[in-house]
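Whatever order the structure lists ligands and atoms in, that order sets their numbers, starting from 1. Note that the structure is a prediction, hence the values are computed from the model and not measured.
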Amino acid sequence: MKRTTAGLEAALAELSRAQLRRERTTVGAFAAPGNRTLVLVGGREFIDFSGNDYLGLAHHPALSAALSAAAAKSGVGSGASHLISGHGAEHERLEEELAAFTGRERALLFSTGYMANLAVLTALAGRGERVLLDRLCHASLIDGARLSGATLRRYPHADAEAAAGLLGGADEEPAVLVATDGLFSMDGDLAPLPALAHAAGASDAWLVVDDAHGLGVLGASGRGTLEHFGLSAREVPVLVGTLGKAFGSFGAFVAGGRDLIEHLIQRARTYIYTTALPQPLAAATRAALALAQGESWRRERLHELTVRFRREALRAGLPLGNSSTPIQPVLLGTARAALAAQRALAEAGLWVVAIRPPTVPAGGARLRVTLSAAHTEAQVERLIGELERICTPLLRSECAAGASA
Ligand SMILES: *Cc1c(COP(=O)(O)O)cnc(C)c1O
């Protein structure tokens, strides 16, 4: 379809017809200051089970205090890119702390995880080379691979054996890089990192793990999916982390060896040609990092709530995914069913969002439930009760529709 105004209008109408049109919601001031589990939408209060603030840090007073103090001292905007005059003391300290936290020689800050992934892929792969990605990996890894000019191959989700097969070497040049999410954002399951690390290591390919959802959440000290599996910096040479999820702030980083980071500084266009992340955000992230490390009760509580949710939701017969993490998909199949469930839950005062294609594969529409250490047991009980009341009849009619089709 030509992208004239009329063409755009027709394309949008088609999205609406297929129940795939996305809508934004303006979220009002939080109903209870300091408590991110309640949101106000259109003057009504909802319990939020849709965010990525897993440790309940986004509204922590220590973060806002650090942010205000840094803004008073160094201003709000960085005023320039890191290589001109935008790189400040808060950036430098946060990078050192992130390197120590992840057990790597260096870390490099980016404004977003999206940009960090574009940087890694374009800096480590290029035309005439092959890169391998998990079929369900984050969009930013796919876009990075496309931008790199390398040939992109995707292996079946979480299938390390298939990845090893595609790495090649016998009759073609081995792939130069394998990239995956650590903890998958829409399914809540984990990548088979030990086997991927083994395969990548054996053919001398870079293994890139984007642990946006695992950092802060998994592992005894919150070091993420790598800590969960006991993997070293040698086994996973490139780690991407984001700061807007469990750390409750904003921004992202790449952690790795000295030469890798220096190469990114010299070559990565999403690092070089953009204004540096505001220093107050780096200061807030430092406060969050200290809390995430010091207050392990947040991780323990999150884990307890997750175990409770799964136990009771499975007892209620809800179709959960194969996830033991705070991301708990309720698999409803069609976009129509997922949207109907989202609307009915909203009626009941619960904010849970339907995820539809193309974010998930066709037939994989779902409610994406996420838990936070800030939720109460009573809130989780209420969620399970409403999910059972709303989803059970929807699933029954989906089955009936499937059987008669
Ligand atoms: C959220 C996310 C990103 C993007 O991070 P931003 O900082 O929000 O741009 C990248 N990868 C994964 C797996 C994510 O979930």
TODO: Please work out whether the ring planes of His91 and His82 are parallel, tilted or perpendicular, with thresholds of 30° and 60°.
DONE: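 Answer is perpendicular, since the angle exceeds 60°.
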Would you mind listing which atoms of ligand 1 come within a distance below 4.0 Å of any non-hydrogen atom of [X]?
X	answer
Asp181	13 (C)
Asp210	10 (C), 11 (N), 12 (C), 13 (C)
Gly113	4 (C), 5 (O), 6 (P), 7 (O), 9 (O)

Task: Check: Phe253 ring centre within less than 6.0 Å of Phe110 ring centre - done: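 No, the ring centres sit 6.0 Å or more apart.
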Open item on the list: Under 6.0 Å between ring centres: does that hold for His157 and Phe184?
Closed with: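 They qualify: ring centres under 6.0 Å apart.
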Is any N or O atom of [X], backbone or side chain, closer than 3.5 Å to an N or O atom of ligand 1?
X	answer
Ala212	no
Tyr114	yes
His213	yes
Thr242	no

Quick test of your reading of the model: are [X] and [Y] salt-bridged, counting only N-O distances below 4.0 Å?
X	Y	result
Arg301	Glu377	yes
Glu262	Arg106	yes
Arg130	Glu173	no
Glu14	Arg17	yes

Task: Sub-4.0 Å heavy-atom approach of Ala252 to ligand 1 - done: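 Per 4.0 Å heavy-atom rule, Ala252 does not contact ligand 1.
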Open item on the list: With a cutoff of 4.0 Å, is Lys245 in contact with ligand 1, counting heavy atoms of the residue only?
Closed with: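 Yes, Lys245 has heavy atoms under 4.0 Å from ligand 1.
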